[in-house]
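Heads up: numbering here begins at 1 and tracks the sequence.
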Amino acid sequence: WYGLRLFSVDGTQFKTHDTQALAEHLHDVAFGPSSTGEVNYAKKLAMSVPADSLTIFDRCYLSAELMLNWQRQHGSSHWMTPVKSNTKYEVVEQLDKEGRDFIVEMKVSGHARKQDPSLPEKWRARLVLYPEKTQPNHIKGVLTSLADKQYET
């Protein structure tokens with residue numbers, strides 16, 4: 001898609017034997033106890049993300065620390081995740097006439113900045129809203145690092 005390799009990250013639960021052969025077979029996968037959050041496993045995958053890629057995340061992965069560091073891997077390691085209606089952001093720029101495509105700015109939490117002091121106080125992303133509002137208080141669009149005009153909606 002637009003010259004980018006496509007990947008996805010999502011969590012699941014299943015029981016399996018913990019063997020070296022299985023770990024080698026499932027390369028570029030991160031797993032462990034359910035008590036460890038999915039975002040922590042996703043962070044382990046950031047080192048293997050290739051340049052010129054787009055990784056689609058489930059909405060529970062919306063984290064400034066994860067997304068910014070994912071993008072920092074190559075500068076061309078992009079991400080996309082659904083945004084819920086309660087996500088807080090400020091519109092910085094409107095990119096279309098219909099009012100569905102924006103550059104937005106969000107605050108990075110103090111907790112995230114303690115974990116990674118290199119994070120900025122605020123971060124920007126592109127927000128593309130779905131044209132129909134069929135699910136109130138649910139997913140209303142996607143946030144993405146694909147802010148360049150070549151990725152127009």
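Annotation: side chain of Tyr130 is in contact with side chain of Val142 (closest heavy-atom distance under 4.5 Å).
Under a 4.0 Å N-O distance rule, the pair Asp52/Arg5 does not qualify as a salt bridge.
Summarising the geometry, atom CE belonging to Met67 is positioned 9.5 Å from atom OG1 belonging to Thr144; distances are rounded to the nearest 0.5 Å. Of the inter-residue distances, the one linking Glu90 atom CD with Glu105 atom CD reads 6.0 Å to the nearest 0.5 angstrom. Note that the OG atom of Ser145 and the CG atom of Leu54 stand 7.0 Å from one another [nearest 0.5 Å]. Atom NE2 in His78 sits 5.5 Å away from atom CG in Leu146 (nearest 0.5 Å).
Here Val92 sits in one hydrophobic cluster together with Leu95, Ile103; the rule is ILVMFWY side chains under 4.5 Å apart, joined directly or through other members.
In plain terms, the two heavy atoms of Arg59 and Pro82 that are nearest each other are CB-O, 3.6 Å.
Side-chain N/O atoms of Arg72 and Ser118 include a donor and acceptor closer than 3.5 Å.
With hydrogens and angles ignored, the 3.5 Å screen pairs no side-chain donor or acceptor of Ser77 with any backbone N or O of Gln71.
Taking the six-membered ring where tryptophan is involved, the planes of Trp123 and Trp79 are tilted, since the angle between them lies from 30° to 60°.
Grouping the Ile, Leu, Val, Met, Phe, Trp and Tyr side chains by contacts below 4.5 angstrom, directly or via other members, places Leu119 with Leu62. In terms of hydrophobic clustering, with Ile, Leu, Val, Met, Phe, Trp and Tyr side chains grouped at heavy-atom distances under 4.5 Å, Met47 and Trp70 are assigned to different clusters.
When the side-chain contact (heavy atoms from CB on, under 4.5 Å) test is applied to Glu98, the partners found at least two apart in sequence or on another chain are Asp96, Arg100. Residues meeting the salt bridge (Lys or Arg N to Asp or Glu O under 4.0 Å) test with Glu93, sequence neighbours left out: none.
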